[in-house]
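All remarks here apply to the structure that follows.
Count residues from 1 along the sequence.
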Amino acid sequence: MNEPKDTIRGYVADLAAAFHHVDGALNRQLDSDTLKHSPAAHASIAEASALVKQAHTTLEVHLESIGGAGTAAAIKGAVTAATGFVAGLYGQIRTEAVSRMLRDDITAMSFLMTCSTMLHTTATALNDSATVVVATRLMHQIPPTLMRFNSALPKAVAMDVAKDHAGTTPTAADATMVEVKNSWAAAEQPTPARY
């Protein structure tokens, strides 16, 4: 059985490695010629990149403070589920549509949120208040980035479709955003109790 600090160090190292991989992928996207034609998507990805860099640094500093070896050691070690997932998601560098970049970024940021939630729960269960603070900060920083990506996605898809097909509906992105908002609003409604 692992000691609590070993468990925490493992989770922090895995999350730091995942942020590191996402950072690399976002940087490759920012260098892509495709993204240069979409200023809104470029701005969203640049903002996400800054957040991911800062979060990675925070995790590195925290990992050192709890006696961890750092991201480099985690990456050199066995591929974890976190790093494997992110590496697979962004595994191939290719010229792709902006909408696909945003789709992958939404998936990656959702994954980072899930991993941050797991770290928070683990740290809370093991009474590690310093790690709870770090995880809480991450959990509050990621959702605004996800919301920006989700708002940019329908416009990017509509632009990509319009490039290949004449006569597309100009309000497609707006109609989709209405339905996205409706679906989230419906999910927030209390579910009737079943007896």
Side-chain angles (χ1 to χ4, degrees), residues 15-56 58-59 81-120 135-189 191:
L15 187 53
F19 270 94
H20 174 76
H21 281 293
V22 172
D23 182 36
L26 292 172
N27 287 331
R28 287 190 299 275
Q29 286 181 347
L30 288 170
D31 289 338
S32 123
D33 288 334
T34 306
L35 196 59
K36 291 175 183 163
H37 302 292
S38 180
H42 188 277
S44 294
I45 293 172
E47 205 169 295
S49 177
L51 166 79
V52 168
K53 276 181 188 20
Q54 188 265 333
H56 177 251
T58 298
L59 287 164
T83 57
F85 174 82
V86 175
L89 180 64
Y90 290 113
Q92 295 180 17
I93 302 171
R94 58 192 180 275
T95 303
E96 31 176 55
V98 171
S99 59
R100 290 185 181 160
M101 289 181 190
L102 291 172
R103 175 204 62 196
D104 291 349
D105 295 342
I106 290 167
T107 303
M109 295 303 289
S110 296
F111 183 73
L112 293 176
M113 181 67 181
T114 300
C115 293
S116 298
T117 302
M118 292 176 69
L119 175 62
H120 187 282
T136 299
R137 190 176 317 133
L138 295 175
M139 290 169 62
H140 285 265
Q141 290 173 332
I142 294 171
T145 299
L146 272 169
M147 291 172 69
R148 279 188 288 281
F149 280 151
N150 279 320
S151 295
L153 182 63
K155 290 176 187 166
V157 171
M159 282 178 26
D160 290 342
V161 171
K163 286 177 193 170
D164 295 331
H165 303 280
T168 59
T169 303
T171 58
D174 295 331
T176 299
M177 280 311 299
V178 167
E179 288 310 315
V180 167
K181 288 176 183 174
N182 289 343
S183 66
W184 282 108
E188 292 174 357
Q189 298 301 316
T191 305

Pairs satisfying side-chain hydrogen bond (donor to acceptor under 3.5 Å, both in side chains), at least one member in residues 160-174, at least two apart: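 Every side-chain hydrogen bond (donor to acceptor under 3.5 Å, both in side chains) pair that includes a residue of residues 160-174, provided the two are not neighbours, is Ser99-Asp160.
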Pairwise side-chain contact, Asn150 with Leu102, heavy-atom cut-off 4.5 Å (strictly under):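 SC-SC contact between Asn150 and Leu102 ruled out.
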Salt bridge (charged side-chain N to carboxylate O under 4.0 Å, His left out) involving Asp33 - partner list, sequence neighbours excluded: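 Testing Asp33 for salt bridge (charged side-chain N to carboxylate O under 4.0 Å, His left out), a comparison that skips the adjacent residues, returns Lys36.
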Set of residues satisfying salt bridge (charged side-chain N to carboxylate O under 4.0 Å, His left out) with respect to Lys181, sequence neighbours excluded: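 For Lys181 there are no salt bridge (charged side-chain N to carboxylate O under 4.0 Å, His left out) partners, ignoring immediate neighbours.
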Residue pair [X] / [Y]: nearest heavy atoms and the distance that separates them:
X: Ser116; Y: Leu15; answer: OG-CD2, 3.7 Å
X: Met159; Y: His37; answer: CE-O, 4.5 Å
X: Val52; Y: Val22; answer: CG2-CG1, 4.1 Å
X: Leu146; Y: Met109; answer: CD2-CB, 3.7 Å
X: Leu112; Y: Ala18; answer: CD2-CB, 3.8 Å
X: Gln141; Y: Leu51; answer: CB-CD1, 3.4 Å

More than 12 heavy atoms of other groups within 6.0 Å of Met177 CE: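 Counting other residues, nucleotides and ligands, CE of Met177 exceeds 12 neighbours.
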Gln29 versus Asp105, side-chain donor and acceptor atoms under 3.5 Å: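 Result is yes, a qualifying pair exists.
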Asp31 side, atom CG; Asn27 side, atom CG - distance, nearest 0.5 Å: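 Here the rounded value is 7.0 Å.
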Candidate pair Thr58 and Gln54, rule side chain to side chain donor-acceptor pair (under 3.5 Å), full reasoning: CA-CA 6 Å; Thr58 298; Gln54 188 265 333; 3.3 Å; yes
Steps toward side chain to side chain contact (heavy atoms under 4.5 Å, CB included) verdict (Val157, Thr176): CA-CA 10 Å; Val157 171; Thr176 299; over 6 Å; no
Criterion side chain to side chain contact (heavy atoms under 4.5 Å, CB included) on Phe111 and Thr107, from CA distance to verdict: CA-CA 6 Å; Phe111 183 73; Thr107 303; 5.7 Å; no
